[in-house]
Amino acid sequence: MQFGIFTVGDVTPDPTTGRTPSEHERIKAMVAIAQKAEEVGLDVFATGEHHNPPFVPSSPTTMLGWIAARTENLILSTSTTLITTNDPVKIAEDFAMLQHLADGRMDLMMGRGNTGPVYPWFGKDIRQGINLAVENYALLYRLWREDVVTWEGKFRTPLQSFTSTPRPLDGVPPFVWHGSIRSPEIAEQAAYYGDGFFHNNIFWPADHTKQMIELYRSRYAHYGHGTPEQAIVGLGGQVFMRRNSQDAVREFRPYFDNAPVYGHGPSLEDFTQQTPLTVGTPEQVIEKTLSFRDYAGDYQRQLFLVDHAGLPLKTVLEQIDMLGEEVVPVLREEFAKRRAAGVPEAPTHAARVAAAAATAVGADADKEVSAS
Amino acid sequence: MRLVVVSAGLSVPSSTRLLGDRLAAAVVGRAPTGAPAEVEVVELRDLAVEIAHHLTTGFPGPALGAALSAVADADGLIVVTPVFSASYSGLFKSFFDVLDRDALAGKPVLVAATGGSARHSLVLEHAMRPLFAYLRAVVVPTAVYAASEDWGAEGLAERIDRAAGELFALVPAGGPDGSGDEGGSGGSGAGRRVVAGAEYGTDTAPYIAPVPAPAPAAVPAPAPVPATRRADAVRVGGFDVVPFADQLAALRPR
């Protein structure tokens with residue numbers, strides 16, 4: 001099981017001081033957060049892609065390349081990469097380049113984005129959102145797997161004998177997660193390809209998340225990739241911790257109350273009860289996170305949101321320390337104990353290279369048999 | 001037959017709720033004893049905070065979720081709003097704004113409103129009917145408006161009865177002999193399920209005078225209108241999914 005953090009990269013005033021960080025400060029804070037994640041032994045750092053204020057991370061591969069150069073073990077990912085408005089050719093090349101520079105320590109998560117206006121900024125039509133996700137990914141999938149691609153589609157000019165460069169490291173394409181909150185088409189897409197499915201359940205009640213994951217698992221088996229239990233599932237989470245539960249609630253409340261997206265809405269108490277948000281002690285975070293398994297089944301990746309709503313960097317780094325030192329070691333052990341036999345680990349580059357080699361050996365053996 | 005009343009009345013007691021109860025009783029009175037109507041009342045007043053939160057968070061709280069499901073699963077709807085600033089109230093509109101946009105497709109709906117003056121009665125035709133036409137509901141011809149003065153005048157009972165007859169004729173379990181789909185829980189007498197707000201039932205609601213059940217109006221029942229669903233979709237869990245290969249094939253140039 002992999003644990004990590006995912007950041008949206010919002011530039012939000014700290015409601016307790018009124019101070020707003022500069023974009024430069026926020027970008028530097030994000031990379032400091034990634035380095036801290038590596039330092040405390042987390043597995044994954046994922047950054048969002050946004051093209052509108054108050055968000056700063058418009059260029060994930062640039063940021064992840066910087067982080068790759070300064071880390072040794074961290075898996076670098078996105079949350080999400082816009083498969084709708086980015087040219088699939090550019091995604092293929094950017095992330096293959098990152099894969100080489102990071103020695104395979106990367107994967108990515110596809111999403112459609114949550115801002116309508118972003119479509120025309122990149123010359124696309126929002127009414128085609130799902131169709132763009134379908135066609136663009138189908139092309140991206142081929143660009144990473146076929147050296148020479150001739151292709152014709154609806155949303156971009158045809159490709160004639162095109163080779164995307166660099167070719168994927170060790171001939172193994174980056175692993176892809178498909179992120180969706182509410183579109184069954186995307187769960188279907190992830191299942192069709194045998195890719196991972198990530199549900200960012202941090203704003204959603206468990207019964208909804210459960211339904212989406214069940215859909216993906218059922219279709220994953222339908223397409224012959226394995227049993228429903230073997231499908232590759234990731235979940236979001238959102239935590240704020242202090243030694244004492246009351247201190248956590250008191251300190252986090254102004255950030256919660258003024259947060260982008262859900263601020264000025266439900267109470268902290270309602271939201272904690274209805275969604276995966278946990279505000280309290282590390283023990284409470286452990287308990288609640290373990291309960292995700294009750295509705296999602298055995299899953300492979302857990303990402304936490306810890307750095308939003310204007311929380312100061314110092315506080316965020318303290319949260320990551322607690323995750324790394326107290327929460328994740330227990331979760332690793334407990335999830336491992338509970339995991340059913342036959343449920344795979346989260347895919348890594350090394351494991352995928354080994355699997356590809358095994359398949360190739362099998363194919364060679366077949367050839368020898370047929371030749372003899 | 002599952003009938004749901006959506007009332008946007010704010011005061012307690014509320015004349016809007018009263019009108020909703022009168023209309024529901026008039027429909028219930030037509031149901032044959034073998035297939036009694038089950039009535040649920042959704043009081044938007046009790047859901048006001050959850051409706052506002054749904055608008056900002058994108059998901060419903062538990063009580064609102066139950067109310068939205070009740071409306072989506074109803075065989076027929078009675079919707080009643082007070083008139084605010086020459087239209088339905090914002091709370092009333094917000095409830096239908098957070099309802100799934102296909103939830104009312106093909107569903108029989110009776111629209112009604114209350115107001116201080118009869119001069120607002122065209123709210124029914126200029127605001128309510130277009131809203132439910134947009135939602136692809138089947139709105140019955142008679143819409144019922146009750147001004148303050150109507151409660152002490154003749155004529156309201158007749159309008160209620162005519163509208164109730166039109167709605168009854170359109171619901172799946174309706175019709176002159178009560179034949180049609182099995183609706184509601186059945187067997188347990190006139191059902192009383194309360195989604196939000198005070199308990200409703202023909203034996204406890206103080207407002208309801210027994211209404212004789214005349215022959216239903218001769219409105220032909222329309223063919224059921226299915227919600228938007230692609231022919232090649234497969235049903236998995238609660239979702240309609242178009243198989244991926246079909247989605248992709250639809251995009252390929254000819």
### Considering all heavy atoms, the nearest L251(B)-N131(A) contact
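Heavy atoms of L251(B) and N131(A) come nearest at CD1-O, 3.5 Å.
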## Note on the structure
For S218(A) and V236(B) the tightest heavy-atom approach is OG-CG1, 3.4 Å
#### Entry: Within 6.0 angstrom of R101(B) CZ, more than 12 heavy atoms from elsewhere
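No - once you tally the heavy atoms of other residues, nucleotides and ligands closer than 6.0 Å, there are 12 at most.
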### Query
Do other residues, nucleotides or ligands put more than 12 heavy atoms under 6.0 Å from Y134(B) OH?
no
### Task
Give the C-alpha distance, both sets of side-chain angles, the deciding distance and a yes or no for side-chain contact (heavy atoms from CB on, under 4.5 Å) between F59(B) and H208(A).
CA-CA 9 Å; F59(B) 72 88; H208(A) 172 85; over 6 Å; no
In Å and rounded to the nearest 0.5 Å, what is the [atom1] to [atom2] distance from [X] to [Y]?
X       : Y       : atom1 : atom2 : value
H264(A) : T56(B)  : NE2   : OG1   : 10.0 Å
R219(A) : F239(B) : CZ    : CZ    : 12.5 Å
E185(A) : D240(B) : CD    : CG    : 10.0 Å

### Query
Got a donor-acceptor contact below 3.5 angstrom from the E188(A) side chain to the F244(B) backbone?
yes
### Task
Sort E214(A) into side chain, backbone, both or neither according to what part of it lies under 4.5 angstrom from a heavy atom of chain B.
neither
### Task
Check whether I130(A) gets within reach of chain B through its side chain, its backbone, both or neither, counting any heavy atom under 4.5 Å.
side chain
With a 4.5 Å limit on heavy-atom distance, are the side chains of [X] and [Y] in contact?
X       : Y       : answer
Y192(A) : Q247(B) : no
T57(B)  : P266(A) : yes
Y262(A) : H53(B)  : no

### Query
Among residues 227-235 of chain A, which residues come closer than 4.5 Å to chain B, judged by heavy atom distances?
none
### Task
Name the option with the most non-hydrogen atom pairs under 4.5 Å to chain B; the candidates are G263(A), A138(A), P205(A).
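Heavy-atom pairs under 4.5 Å are most numerous for P205(A).
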### Query
With only heavy atoms counted, which part of V241(B) is less than 4.5 Å from chain A, the side chain, the backbone, both or neither?
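Just its side chain gets close to chain A.
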### Message
Tell me which of these, P243(B), G58(B), P60(B), has more heavy-atom pairs under 4.5 Å with chain A than the rest.
### Response
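Ranked by heavy-atom pairs under 4.5 Å with chain A, first place is P243(B).
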